[in-house]
Amino acid sequence: MATKSLKARHDELALNNKQLEILNGGPFKEGELPYFKDKLDEIGQFPLRPKKLEILQINVGYMCNQVCEHCHVDAGPDRKEIMTKETMKLCLEVIKNTGAHTLDLTGGAPEMNPNFRWFVEEASKAGIKDFIVRSNLTIIRANKKYYDLPEFFKKHKIHVISSMPHYTRGKTDKQRGDGVFDTSIRALQDLNAIGYGMPNSTLQLDLVYNPSGAFLPGDQGAMERDFKKALKDDFDIHFHQLFAITNLPIARFLDYLIASGNYEDYMYSLVEAYNPAAVKNVMCTNTISISWDGWLYDCDFNQMLGLKVNSSVKHIKDYNEDILNDRDIIVSQHCYGCTAGAGSSCQGNVI
Amino acid sequence: MADSYYDPADLRKFGKISEWSEELGTKFFDYYGKVFEEGALSAREKSLIALAVSHVVKCPYCIDSYTKDGLEKGITKEEMMEAVHVGAAIEGGATLVHGVQMMNKYNKLSM
Ligand code: SF4
Ligand code: SF4
């Protein structure tokens, strides 16, 4: 179990270039596996182009109360990158004027940004249809000052999406840290108690499942059935949907793959599971990802690899949706993670 | 080149068996794919059966595959180990039940 971010450990994998070197090398460089762009080329989809913008994903900081083993953000308590109020104000301007219907706040633990509540209050006035906060659940129970978060979410009709690696304690704690399972269960009970996730409730509570290791997620529907049954039987917990998300070989998950000797096999599994039908719905085709310091990316993964959008508009201060939408999306071998099997996005399967 | 008879990397080449007999290879993989589809038994149950059988037939490739498949399906390690014990019990029982044949033969030959 990691206790520090790669960055705090001065690990070379904290460097974007090092990660990209690995993703472009090994079996790809040796010609044993095809480059992702060549697979897109085969189906006439290279360069990959965006469709209409639907989702604005804003990463309000890399600080987190957890240090999960698989974190592609390399988040943790030692990460100090936090979006300032000035940058948030620029985001608010964009939120007011965008054609996107979904706002997706992520981190780290977004709630740890000192201006988080102010930002949510202001952003919710903009009339966005689906306002998502990605909460890691334990933050709700981490400290008294967060105990009222469920009420705060309810007041602003926030759609809460939370990570829950497994319905058993052992698997969850191994991936996310000792005690995370029990705290997550209490947080889910708190959310249920005020109506979140209950059948027929409009207070939307969805869970995210990431495999706890070097394997791909199984069938999302079957996993959802298993999760619903186990959480209901064992803890009387309800939630709406389960999103199965493939772990992308970035940051700490990449570190884990290499350290455990699984990197090559994992890349083979991703390439083998490549599904051309998933390409047209990958997240980057309808999303813009904004980093804590206001730079624009095709997705959260490209953000973590430092791959800024290939456009003359690169920063929120120059935001222009029309110019931005006329760009080629930057892809690399990590993109196989989004097109494996039924595909994977921040909202689970894409087909 | 692997320095043992079994090379884990060979599992990735399983599909290549069709290259030397396309018709039979294709028929096998079609059948295989169909068997593991959700049916009267769930894909989860089939995965556990496959894991138990992998141990009984002692195929390291299948053990690797169905351990991974079990993980993908969210099957716990306790469930996996119970499945292996079911396989072992049947295998042990199958050996032992032949003891009856031995006893019959012994008794027939003995005065
Ligand atoms: S996976 Fe989420 S909860 Fe875990 S360290 Fe990363 S940002 Fe924090
Ligand atoms: S990682 Fe996924 S979402 Fe990001 S650019 Fe690649 S395919 Fe698109």
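Within every chain, numbering begins at 1; the chains are lettered A, B, ... in the order of the sequence lines, protein sequences first and strands thereafter. Quantities reported herein were computed from a predicted structural model and do not represent experimental measurements. These numbers come from the heavy atoms of this one structure, side chains and all, not from hydrogens, waters or symmetry mates.
Under a cut-off of 6.0 angstrom, the local environment of CD1 in A:I43 is crowded, with over 12 non-hydrogen atoms contributed by other residues, nucleotides or ligands. For A:Q189, the CD atom counts as densely surrounded, since its 6.0 Å shell holds more than 12 non-hydrogen atoms of other residues, nucleotides or ligands. By the neighbour-count criterion of 12 heavy atoms within 6.0 Å, atom CD of B:E22 is sparsely surrounded, having that number or fewer from other residues, nucleotides or ligands. A 6.0 Å sphere centred on CD of B:E78 holds more than 12 heavy atoms belonging to other residues, nucleotides or ligands. No more than 12 heavy atoms of other residues, nucleotides or ligands shown are found within 6.0 angstrom of CD on A:E272.
Scanning all heavy atoms of the two residues, the minimum distance from B:T76 to A:H166 falls at CG2-CE1, 4.0 Å. The two residues A:S269 and B:K68 have their closest heavy-atom pair at OG-NZ, 2.7 Å.
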Which is it for B:K73 and A:D226 under the side chain to side chain contact (heavy atoms under 4.5 Å, CB included) test, yes or no, and what are the steps along the way? CA-CA 9 Å; B:K73 292 190 164 59; A:D226 291 346; over 6 Å; no
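For A:P211, no part sits under 4.5 Å from any heavy atom of chain B, backbone or side chain. Proximity to chain B is absent for every atom of A:F227, based on heavy atoms less than 4.5 angstrom apart.
Checking each of B:T67, B:L71, B:D69 against A:F215 for a side-chain contact (heavy atoms from CB on, under 4.5 Å) leaves exactly one that passes, namely B:L71.
Rounding to the nearest 0.5 Å places CZ of B:R12 at 7.5 Å from CD of A:E32.
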